[in-house]
Each structure stands twice: as structure tokens, then as C-alpha cells.
Student: 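Take a look at this one; I'll ask things after.
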Amino acid sequence: MTRIRRGYIARRRRTKIRLFASTFRGTHSRLTRTTIQQKMRALVSAHRDRGRQKRNFRRLWITRINAAIREIGVSYSYSRSIHDLYKGRLLLNRKILAQIAISNRNCLYMISNKIMKIK
């Protein structure tokens, strides 16, 4: 029997995987089997850490807001101020409040006074 030339589909698939793993070190970027394993592992880590990153940023914002509220000398805690924000229908999320706490403390003081008056 004569030799049959294979198509390019498998080579194209391996090339795509190698391009993805081109920045990996050692055999993780050279050998096909380990490259596939490392690609799967990288995608799993990326998916897991996207959720983790959201949690970490939320924790950071809460910490910043809490520190700013306590430094201003407002008589109540972070949780109470967030509760009063929602009660007063001031629609500021934690990210914006944290940015205000860092950049402009006077504005945060005015917001807290506004909450106290509504209450």
C-alpha cells in the first residue's frame, strides 16, 4: 500500500496549543502532552482566580471604607453606615465609596453627615 499523507488539522490544533503555551517554561511549552496539561491547568487557575479577585477587591474596599469612617470620627461602624446608605436611598457602591475615602475625605464626611440627617 502506498503512504497516505495526513491532513493539517492535527498540526493546526497542536500549533494553537503551542502558541497559547509559548510563554511557559521548559517542556511545558515544547512537548505536546505536557503543553495540553499545562493549558488546562492555566485555564482552571484563571477561572478560579477571577472569582477570587472579585472577593479580594471587595474586601479591600470594605477595609478602606471602614478605616476612613473610623478616622473621620463618625460615631458608628462600617456596617451601620452601609445600612443607613441603603435606607437613605443613596446609591453608592463600595468601589465608589472606597475611591472617595482615598481621594477626598471631606466628601466622605459630607456623605456621612447626610446619612445622619436622613436618619
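Along the sequence shown, residues are numbered consecutively beginning with 1.
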Student: Which pair of non-hydrogen atoms, one from Ala68 and one from Leu108, has the smallest distance, and what is that distance?
Tutor: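 In terms of heavy atoms, the two residues are closest at CB-CD2, 3.5 Å.
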Student: Restricting to pairs with a member in residues 28-42, which pass salt bridge (charged side-chain N to carboxylate O under 4.0 Å, His left out), not counting sequence neighbours?
Tutor: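 Applying salt bridge (charged side-chain N to carboxylate O under 4.0 Å, His left out) to every pair that reaches into residues 28-42, excluding sequence neighbours, yields nothing.
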Student: Between CD1 of Ile69 and CD1 of Ile82, what distance do you get to the nearest 0.5 Å?
Tutor: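 Answer for the CD1-CD1 pair, Ile69 versus Ile82, is 6.5 Å.
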Student: Kindly write out the residues that satisfy side chain to side chain donor-acceptor pair (under 3.5 Å) with Thr23, not counting sequence neighbours, or none if the list is empty.
Tutor: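 Thr23 satisfies side chain to side chain donor-acceptor pair (under 3.5 Å) with no other residue.
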Student: Do you know which two heavy atoms are closest between Leu31 and Thr34, and how far apart they sit?
Tutor: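 Minimum heavy-atom contact is O-OG1, 3.2 Å.
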Student: Keeping to residues at least two apart or across chains, list the salt bridge (charged side-chain N to carboxylate O under 4.0 Å, His left out) pairs with something in residues 90-113.
Tutor: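 Salt bridge (charged side-chain N to carboxylate O under 4.0 Å, His left out) check on residues 90-113 returns Glu71-Arg105.
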Student: Any chain of hydrophobic side-chain contacts (each under 4.5 Å) joining Ile96 to Tyr109?
Tutor: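 The answer is yes; both residues are in one hydrophobic cluster.
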Student: As an exercise, state the distance from CG of Leu90 to OG of Ser81, rounded to the nearest 0.5 Å.
Tutor: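 Those atoms lie 11.5 Å apart.
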Student: What's the separation between atom CG in Leu85 and atom NZ in Lys114, rounded to the nearest 0.5 Å?
Tutor: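 It comes to 11.5 Å.
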Student: Restricting to non-hydrogen atoms, name the atom on Ile111 and the atom on Ile100 that form the minimum distance, rounded to 0.1 Å.
Tutor: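 Between these two residues, the closest heavy atoms are CD1-CD1, 4.1 Å.
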Student: Which residue pairs pass the side-chain hydrogen bond (donor to acceptor under 3.5 Å, both in side chains) test when at least one of the two sits in residues 42-69, sequence neighbours left out?
Tutor: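 Matches after skipping sequence neighbours: Asn66-Arg70.
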Student: Going by heavy atoms in the side chains, are Leu97 and Tyr78 under 4.5 Å from each other?
Tutor: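 No, too far: nothing below the 4.5 Å cut-off.
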Student: Donor-acceptor pair, distance only, cut-off 3.5 Å: does the side chain of Thr35 make one with the backbone of Ala21?
Tutor: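 No, Thr35 side chain to Ala21 backbone: no donor-acceptor pair under 3.5 Å.
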Student: Quick one: salt bridge (Lys or Arg N to Asp or Glu O under 4.0 Å) partners of Arg13, sequence neighbours excluded?
Tutor: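 None.
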Student: Where the side chain of Ser29 meets the backbone of Arg25, is there a donor-acceptor pair that is under 3.5 Å apart?
Tutor: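 Side chain of Ser29 to backbone of Arg25: no pair is present.
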Student: Running the 4.5 Å side-chain criterion over Ile, Leu, Val, Met, Phe, Trp and Tyr, what cluster does Met40 land in, apart from itself?
Tutor: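 Hydrophobic cluster check, Met40: joined to Ile17, Ile36.
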Student: Does a donor on one side chain sit under 3.5 Å from an acceptor on the other, for Arg18 and Thr32?
Tutor: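 Yes, side-chain donor-acceptor contact under 3.5 Å.
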Student: CD1 of Ile65 to OG of Ser79: how many Å apart, nearest 0.5 Å?
Tutor: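 Atom-to-atom, Ile65:CD1 and Ser79:OG are 12.0 Å apart.
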